[in-house]
Amino acid sequence: MPNEPLLTVQSLTVGYGGSTALDSVSISIYPEELLSVVGANGAGKTSLIRSIAGVVRPLDGEIRWRGVDIAGFPPWEICELGIAQVPEGRELFRNLSVEENLLIGGSLKRARARRSGNIQQVYGLFPRLLERRLQAAGTLSGGEQQMLAIGRAIMAEPELIMFDEPSIGLSPSLTRAMFDIVKMLHAKKTTILLVEQNVADSLSIGDRGYVLENGHVVLEGTGAALLTNKEVRRAYLGL
Amino acid sequence: MTDLLELDGVSRRFGGLLAVDNVSFRLKGEGITALVGPNGAGKTTCFNLIAGALPPTQGSIRFGGEIISGFPAEDICRLGIGRTFQVVRPMRDMTVLENVMIGAFSWTRKVSEARDAAREALDMVGLGPKAEAGISRLTLPDRKMLETAKALSTRPRLLLLDEVMAGLRPPEAAAVVAVLRRLAERGLSILLVEHVMRIVMEAAEHVIVLHHGAKIAEGTPRYIVSHPEVVAGYLGEAFRA
Amino acid sequence: MTSLKGPLINRRVAMKGAVGLAAATMAPWVRAAAPPPVKVGAIMPSSGILAFPGQSCVRGIDLGAKFARERYGVDMTVVHADTQSKPENGRIAADSLIQQGCNVLIGAWDSGATISALQAAEAAKIPMVVHIASANQVTSQGFTQVFRFYPPAATIVRQSLAEMKALVTSVNDPPKGAVVLHLSNTMGTSTATSLDAAWKELDLPVKLLEYIPYDEKARDLSVEVAKAKASGADALVSVTRVNDAIMIIRECIKQAWNPKLIFSPNGNGVPDKAFYDALGKYADGAMSSNLWYNPKGEDARTIVDRFQSTYANEWLDANSGCAFEAVQIVADAVVRARSAVSSEICAALKATDLKPILMYSGPIKFDATGQNTGAAVTVLQAKESKPHVVGPDAIAEYKARYPLVPFEKR
Amino acid sequence: MQKKRDALPDRGAVLGCLAAFAVLAMLGGVLNPYLISLLTIVFLFTFIGQSWSIMLGLGGQLSIGHALFVGIGAYSVAVLNIRYGLSPWFGLVVGMALAATIGATLAWLSFRFEVRGIYFALLTIAAAEFSRVVFSGWEFVGGMQGLFFPAQSGPNSFWMLRGDARFYYFVSLAAVLLGVSATALIRLSFLGYVWRAMRDDEDASRALGVRTFLHKILVVSFSGAWAAIGGGLLALVQGSVFPDSIMGMGISVDILVGPIVGGLGTAFGPLIGTLITLPLDHLASAIGNKFGIPGLNNVGYGLALIAAVWLLPDGIWPAIVNSAKSITRLSWFGNLQMEQVKK
Amino acid sequence: MLTLWGNVLASGILMGLVYGIIALGLTIIFGVIRIVNFAHGAMVVFGLYVGYCAGAWWGIPTIVAAVGAGALLFVFGYGLETLVVKRFVTRPHHIQFILFIGISLVLSGAQLIAFGPDPRPSVSHLSFETIAVGPIRLDLARLQAATVAAVMILALAGFLKYSTFGRFIRAAADNRLGGLMVGLPIPKIYATTFGIGAACAGGAGALISPLFDAQPFLAVDFTLLAFVTVIVGGLGSFVGALVGGLTIGLTEAFAALLFAPSLKSALSYGLLMIVLIVRPRGFFGAKET
C-alpha cells in the first residue's frame with residue numbers, strides 16, 4: 001500500500017440545525033484502495049460522503065485531497081478533481097433520458113473530450129442501459145437505475161468513487177451483482193469508498209474498513225479483521 | 001377475543017416497486033413486538049400503512065376488530081394508534097412540553113389538561129426535567145424519547161416506534177428498553193421497528209422479520225436468530241457459515 | 001409668520017370652538033389691504049396607476065399659481081401631496097396639507113380619493129375645490145366645503161349629445177346607426193348610463209344599435225371592434241381612455257371599418273398627445289367632447305404658450321386646464337375675501353361669479369351643493385396631429401369635417 | 001396555582017402591552033390630524049395584516065389575495081349601510097359570515113384537491129381578481145362606480161360607527177388591541193398549538209391526531225372573517241368603496257408587507273412592521289414630490305422592502321426581542337411573541 | 001357571420017400565442033429555479049419601453065428591438081440572480097414574493113422617472129397593417145409576435161433539448177441535488193436561466209410594443225396575465241405556456257363575442273380557478289418535487 005493517502009478526512013464535524021451528524025471523524029483513503037465504512041441508520045455515513053463531495057458544508061475539520069484542503073470547495077470543483085459518487089437514492093435526472101444522464105455525468109472538463117468513448121464503455125459494462133438509452137431515467141427499474149447512477153459516475157473518469165448504500169432496495173441477486181461491479185471497478189485500480197449497512201458483504205470485499213456509530217468512528221482495521229471482530233458481530237446480529 | 005391489530009395480505013406498491021408484499025400478522029393486546037429486517041425491507045412502509053400515512057394497495061388492516069385501512073392518519077391516531085417517525089420531527093419553535101401537548105389535543109381541547117397529560121408522558125420517558133427546554137438543547141436520545149412522549153400523549157393502546165434506538169449508545173439504548181418495558185407493563189402494546197438485533201433480543205417478546213417487503217419469519221427472538229434465512233438476509237451470504 | 005398663524009388658529013376654532021373669541025379678535029388684525037399670502041394644497045395621484053392624469057394636473061396647478069400671482073397679486077404658495085392613486089390616502093394627504101398650513105385645497109382627480117380628502121376638509125372646515133372628479137356623490141353626500149368645477153358625468157353627456165345632434169342635423173349624409181363602445185370602469189359605465197337617457201331625451205336622429213362594454217384592463221379589442229363592425233353601424237360612439245382609444249382606431253384600420261363618425265363623449269384620446277404619436281395621420285377626423293380651453297378666450301393664447309414653453313414635451317390638456325382654472329377660482333376667492341382664513345375663503349367661494357380665465361365655460365358659480373353650474377363642454381376634432389375646437393360654433397376654430405376620410409385613402 | 005399562570009400570558013407581557021396601548025391612546029388625544037389619519041390607516045392595515053399573519057404565521061397557508069376578504073367586508077358594510085341604512089355593525093357581522101364562508105369554501109375546494117403551497121397562493125390571487133371583476137360589473141353594489149357613504153355630520157355615533165378622525169383613530173386602535181390580544185390568546189389556546197404544529201409538519205401532526213384538513217379550512221375561514229372586519233372599517237374610514245381599490249392586488253400586497261417586515265405570526269410584528277413601512281412609504285412619496293420626481297417613492301420603497309427581507313429574514317420584532325433578550329431578562333417578550341416560519 | 005367567427009378565431013389564436021410568449025419567461029424560471037417571478041410584468045414593461053424607444057426614437061424595426069431588449073434583459077436578469085435572487089432561492093414563498101414586489105416597484109418607479117406616466121406608443125407601421133387570407137384578416141403585429149413566439153419557443157426548446165448547457169438546465173430543473181452531486185455548476189445555471197427568463201419577458205415586451213402602449217404601471221396587469229396563462233398551461237412547462245396562452249386567448253375572444261366583453265377577464269380568472277382546483281399543475285405542469 002502506498003504511503004501517501006489520496007484523501008484524508010481530519011476531525012470532520014458536520015451538523016444540521018443543532019444536531020451533530022459527524023463528530024470529529026478522521027479517516028484516510030489510500031490510492032487504489034477499497035475502503036468500507038459501515039454503520040447503522042443515522043450513524044453519519046451519508047453526511048461523510050456529502051461533505052467530501054462539497055454538497056454539505058462541514059462545521060469543522062479538514063478534507064485533504066492529495067494534500068490540499070478542499071473543505072468548503074463548491075461541489076463542481078470537487079467533481080472536477082476526480083471525486084465522483086453514486087449517491088443514496090441515486091439522484092438521477094428522472095425526466096432525462098438514460099443517455100442524457102450519462103452525457104451530463106461526462107460533461108466535466110476532465111472527461112469531456114473522451115465523452116463518446118466513455119459512453120460506449122458504460123454501455124459495454126451495462127448492456128441494459130444501451131437497450132434503454134432513449135428511455136427516461138425515471139422509468140427504469142431499481143437495478144437499472146443503480147446501473148445508470150454508477151455509469152453516470154464512471155463518465156467523469158473519477159479517481160475516487162464513493163458509493164452510498166448501493167444495495168438499498170435491491171434484491172439479493174442484484175445486490176451481489178452490484179458488489180461485483182464494485183469489485184470490478186476496484187480491480188481497474190479506481191479508488192473506492194463504499195458506505196454500507198450490509199456489513200458482511202461490504203467488509204468482505206473491502207481492503208480496510210471503519211465502523212461508524214452515532215457520528216463517531218468506533219472501530220477501524222482491515223476488512224477481514226473487522227468481519228471476525230466480536231464487537232461487530234454482537235452489534236449487528238446480537239450473536 | 002379479537003386481536004388488537006391484524007394485518008391480512010397487505011401490499012403496497014410504489015410505481016414498479018413492491019415495497020410491502022402480501023404481509024399478514026397479528027398482535028395480541030399487550031407486550032413488545034419487533035419488526036426487523038435490513039434497510040429497504042419495507043418496515044417503515046409497513047408502519048405507514050398501519051398508521052394511515054399511506055393507504056395499502058391491497059389487503060386489510062383491522063384494529064380492535066374494526067377495519068382501519070384507508071382511514072386518514074389523524075383518525076387512526078384518534079382510534080388509539082400512536083406512532084413515531086424514524087427521522088425525529090419536533091416542532092422547532094415550541095418547547096418540549098408544547099410539542100408533547102399537540103398529541104394530547106387529540107382528545108382534549110383544554111390547554112391545562114393537555115399540559116398535565118404532556119407532563120405525565122414526559123415523566124414516563126424520563127424527560128420531565130427538560131419540559132420547558134427548547135428543542136435545540138435536546139440530545140439525540142432525548143429527541144427520540146420526545147418522539148415517544150408525543151405518541152404517548154395521544155393515549156394510544158398501540159404504540160408504533162420507528163427505530164427509536166437507532167444511533168443510541170448501548171447504555172442509552174438500555175435505558176430506553178427499560179422505559180418500553182415499563183410501558184408494556186402498563187398494558188400498552190408496542191410494535192417496534194428495529195435494526196440492531198441486540199436490542200431486539202433484549203426488548204421484544206415476539207419478532208417479525210421482513211425482507212424485500214415480504215414476511216420471511218416470525219417467532220421468539222431466540223428462534224429468529226437461528227433462522228438461516230434471517231441471517232442470510234441480514235448480514236449477507238458470508239455470515240451463513 | 002402671520003401666514004401660518006392665521007390658519008393655525010382657525011383650525012383650532014374649527015375643532016374646539018371654544019377659542020372662537022380669540023379668532024374673532026385676531027381676524028381683523030390678519031386682514032390687510034393686499035390679498036394676504038395663501039397656501040394652497042394640491043392633492044393629486046402623482047404616482048401609481050393614475051399618475052398620467054395626476055402629473056398633468058400638477059403642471060396645471062403650478063402654472064396656474066404663477067399666473068394667479070401675476071394676475072391677482074396673490075402671494076400663493078402651492079404644496080403638493082400624492083395619493084399614490086389609493087383612495088385611503090386622500091384623507092392622509094389632505095390632513096398632511098392642512099397640517100402644513102394650507103388654507104384651501106384642490107384635488108383629487110379620482111372620486112374615491114376626493115371623497116376621502118373631503119372628509120378631512122370637512123372636519124377641519126377647509127374649503128376644497130374639486131377640479132376633476134365626476135361621481136355625483138362628490139356633491140350629493142352633504143359635504144359643506146366642496147366646490148366642484150367639473151360637471152357631473154350626466155351633465156357632460158347631455159351637453160355632448162346636444163353638440164352631436166347639432167352636428168348630425170347639419171350635415172348632408174348623416175349616420176344612420178351608432179354603436180357604443182365603452183369602458184366598463186367608473187367613468188365609462190356612468191357615461192354609458194347617462195348616454196342612454198340623454199339619447200332618448202334629445203331624440204337624436206341616429207339609431208342606437210348596440211352597447212359594447214369592455215374591460216378596463218383589456219389588452220385586445222379586436223373582437224369588440226369586430227362586433228361593432230358587424231352591427232352595421234356607421235357611427236362609432238366610444239367612451240375611452242387614451243390607450244383604448246388608440247387600440248380601437250388601430251382595430252378599425254385593421255378591420256377596414258370606416259365609420260362616418262367617431263365621437264367620444266367625455267372621452268380621452270382626441271385631446272391627448274399619445275393619440276397622435278401613436279396614430280399619426282389616422283388620428284385625423286376623430287372627435288370628442290371634453291372640457292377644454294376656450295381657444296378664443298382673452299388669455300388662452302398666452303397661457304397655452306407659457307405652458308408650452310415651460311413643459312416643452314407636454315400638452316395643456318383637460319387635466320391641466322381644469323387644475324389651472326381651479327387655482328384661478330381660489331385666487332379670485334382670496335382676493336374677494338381679502339383673507340387667508342379658510343372660513344372666509346369658503347364664504348367667498350360660495351359667492352363666486354367668475355368669468356373663466358382659460359377653460360370654456362359659462363360664468364363659474366357654485367350652487368348650494370357646491371356644484372359649478374356654468375360648466376360646459378367643447379367638441380374637439382383631430383386634425384394634423386392636434387385637437388381643434390369645432391364646437392360650439394361660438395368658439396369653433398373651424399367647421400367640423402364630416403364624414404371621416406376612409407383610413408385606407410389617407 | 002402553577003397551572004393557572006401557565007395558561008395565561010405572562011403578567012409582564014400583559015402589562016407591557018397595555019402600557020403600549022395606553023400610550024397610543026393618549027397620543028390619540030394630542031397628535032395633529034395628519035398623524036391621526038396616518039395612524040388610523042396604519043392601524044387598519046395592521047389589523048388586516050394580523051389576520052393575514054395568523055393565516056400564514058400560525059396556519060402555514062399563504063394568501064396573496066387577501067383583498068378578497070377585505071373587499072367582502074367592505075362591501076357588506078357599504079351595501080347594508082348605504083342601500084338599507086342598517087348600522088355598520090350588521091355589515092361587519094354579515095361580512096364576517098360571508099368571508100368566513102367564502103374562505104372555507106375556497107379552502108375546502110383547494111385542500112380537497114390537494115392544492116397547496118404556492119398553488120394555493122396563486123388560487124387566492126385568482127379568487128380575488130375574479131371577484132374584483134364580478135363586483136366591477138355588478139350594478140347592485142355600484143359596479144365600477146362604487147358606493148359612497150354620506151358625509152359625516154353631527155356627533156360621533158358608536159352605534160352607526162360614524163365619527164370624526166379621532167373617533168376612527170380610537171376604533172382602529174381598539175381593533176389592533178383586539179388583534180394583538182386575539183393573536184396572543186390563540187397562540188396560547190388549543191388552536192394556536194395545533195395550527196403551529198400543522199404549519200411546521202403536516203404529516204407529523206396528523207400522526208398526532210390533528211385533523212389538518214379541518215384546521216386548514218378553519219384558519220383560512222377565521223382569517224377571512226377577521227380581514228372582513230378590517231375591510232368594513234377601512235370602507236367607513238375612506239368613505240367609499242370601489243372594486244379596483246378595495247379588492248385589487250394593491251391591497252393584497254400592502255397588507256402583507258407590514259407583518260413580514262415586522263415578524264410573522266407574532267402578536268406585535270404586524271403593528272411594528274406596518275408602523276414602520278406605511279409611514280416610510282408616505283415619507284418616500286413626500287420626498288419624491290418635493291423634488292418633483294414622482295416614482296422616486298416607488299424606487300425607495302422597493303429598495304427598502306428588498307433590504308428588509310434581505311437583512312431581517314424573520315422580521316423586525318423577533319430581532320428586537322432577540323437583542324432585548326440578550327441584554328435583559330425580558331423573557332416574557334419571547335414567550336409571547338417569538339415566532340419564526342422556517343421552511 | 002361566418003367571417004366574424006373566423007376573424008374572432010384567428011384573432012384569438014394570434015392573441016393566444018402572444019400571451020404565450022409573454023408568459024414564457026415566467027414558466028422557464030419557475031421550471032428550473034422553482035421561484036415565481038412576480039416582477040415578470042415589470043420586465044415585460046421594460047421590454048415595451050425598449051420597443052418604444054427603438055421605434056419612436058431610432059426607427060429600428062420591432063424584431064431587432066426585441067433582440068436588443070432580450071439581450072439587455074438577459075444581462076439584467078443574470079446580474080439580478082447573481083447579486084440578489086440567489087440568496088432567496090431556498091427562502092419561503094412569502095419572502096420571495098416581497099422580494100419580487102420590491103424589484104417590481106423599483107423597476108416601475110425607474111420607468112416612471114425615466115419616461116413619465118404618459119402612455120408611450122411605439123410608432124410602427126405594423127400597428128395598422130393586416131393581411132387578408134380569404135375573408136379573414138390577420139393582424140400583422142400580432143402575426144409577427146405570434147410567429148416570433150413560435151420560433152422562440154422552438155429555438156428555446158431546441159437549445160434545452162440538444163445543447164450541453166440546455167441539458168444542464170433541464171438536469172438542474174429535474175434534480176438540483178443530483179446536479180450538485182455530478183458537478184453541475186448550479187449557480188451559473190440558475191443565473192443563466194433567470195437571464196433567459198428575463199430575456200423572454202423583455203423580448204416579448206418589445207415584440208408586442210406595436211400592440212400595447214408602454215406605461216409604467218402596466219406591470220401588475222402583465223404579471224397577472226402571465227400567471228393566468230402559465231397556470232392554465234402548467235407552471236414550468238414550455239408547451240404549457242403555449243397551450244395556456246391559446247386557451248386564454250380563445251376564451252377571451254369568444255367570451256367577448258358571445259357574452260359581455262367586459263366580463264372577459266372574469267372568465268379567464270374563473271377558468272384559472274377551475275384549472276387550479278381540478279388540475280393544479282395545469283395541463284402540462286411538472287410534478288411538484
Side-chain angles (χ1 to χ4, degrees), chain D residues 52 56-57 62-64 106 109-110 112-123 125-134 136-137 143-144 248-250 253 256-257 259-261 264 284 288 293-310 313-314 341-343, chain E residues 30 34-36 38 84 87-88 90-117 216-217 220-221 223-224 227-228 230-231 235 260 262-281 285 288:
Chain D
W52 180 86
L56 179 63
L62 174 60
S63 153
I64 324 181
L106 199 63
L109 280 172
S110 317
R112 177 85 249 237
F113 290 96
E114 307 264 304
V115 179
R116 53 176 75 177
I118 193 70
Y119 292 96
F120 177 73
L122 296 174
L123 180 69
I125 298 186
E129 285 292 295
F130 178 77
S131 25
R132 179 185 64 76
V133 181
V134 167
S136 305
M144 283 293 287
M249 272 297 283
V253 172
L256 58 78
V257 170
I260 291 178
V261 171
L264 202 57
I293 318 174
L296 199 64
N297 54 336
N298 299 113
V299 175
Y301 191 58
L303 288 176
L305 288 186
I306 298 172
V309 287
W310 193 326
D314 296 323
V341 176
K342 293 202 179 91
K343 281 210 171 149
Chain E
F30 183 83
R34 296 272 141 191
I35 52 176
V36 179
F38 289 91
V84 186
R87 289 157 222 275
F88 292 84
T90 52
R91 304 281 298 281
H93 295 311
H94 63 273
I95 296 283
Q96 294 172 354
F97 181 69
I98 294 278
L99 172 75
F100 285 112
I101 291 293
I103 293 172
S104 186
L105 275 173
V106 171
L107 281 175
S108 298
Q111 287 155 2
L112 182 62
I113 293 172
F115 296 96
F217 294 100
V220 179
D221 294 353
T223 304
L224 285 175
F227 274 147
V228 177
V230 152
I231 294 167
L235 254 177
S262 55
L263 286 178
K264 255 178 14 178
S265 37
L267 242 137
S268 46
Y269 287 120
L271 182 72
L272 170 59
M273 285 206 297
I274 294 167
V275 169
L276 261 178
I277 287 169
V278 178
R279 207 181 149 77
R281 315 285 176 262
E288 186 84 324

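Per chain, numbering begins at 1; letters A, B, ... match sequence-line order.
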Worked verdict on D:Met249 versus E:Thr223 for side chain to side chain contact (heavy atoms under 4.5 Å, CB included): CA-CA 11 Å; D:Met249 272 297 283; E:Thr223 304; over 6 Å; no
E:Leu105 and D:Val299: CA distance, side-chain angles, deciding distance, side chain to side chain contact (heavy atoms under 4.5 Å, CB included) verdict: CA-CA 6 Å; E:Leu105 275 173; D:Val299 175; over 6 Å; no
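Considering CD1 of D:Ile64 and CZ of E:Phe97, their distance stands at 4.5 Å, rounded to 0.5 Å. One finds the CG atom of E:Leu276 at 11.5 Å from the CG atom of D:Leu109 (value rounded to the nearest 0.5 Å). How far CZ of E:Phe217 is from CG of D:Asn298: 4.5 Å, rounded to the nearest 0.5 Å. Atom-to-atom distance recorded for E:His94:NE2 and D:Ile260:CD1 is 5.0 Å, nearest 0.5 angstrom. Rounding to the nearest 0.5 Å places CG of E:Leu267 at 8.0 Å from CZ of D:Phe130. Here the CZ atom belonging to E:Arg87 is positioned 12.5 Å from the CD1 atom belonging to D:Ile306, to the nearest 0.5 angstrom.
Looking at every heavy atom in both residues, E:Met273 comes nearest to D:Ala126 through CG-CB, 3.6 Å. For the pair E:Ile277 and D:Phe113, the tightest heavy-atom approach, listed with the atom from each and the gap, is O-CB, 3.0 Å.
Per-residue heavy-atom pair counts under 4.5 Å with chain D were compared for E:Val84, E:Ile98, E:Ile101, and the maximum is reached by E:Ile98. For chain E, the option among D:Leu256, D:Ile125, D:Val134 with the highest count of heavy-atom pairs below 4.5 Å is D:Leu256.
In this structure, no portion of E:Phe100 lies under 4.5 Å from any heavy atom of chain D. Looking at E:Leu107, neither its backbone nor its side chain comes within 4.5 Å of chain D, counting heavy atoms on both sides. For chain E, the nearby parts of D:Leu296 are the backbone and the side chain; heavy atoms of each come within less than 4.5 Å. Of the atoms belonging to D:Leu123, heavy atoms from both backbone and side chain fall under 4.5 Å from chain E. For E:Phe38, the part lying near chain D is the side chain, with the backbone staying farther off; criterion is any non-hydrogen pair under 4.5 Å. Residue D:Leu62 touches chain E through its side chain alone, counting heavy-atom pairs closer than 4.5 Å.
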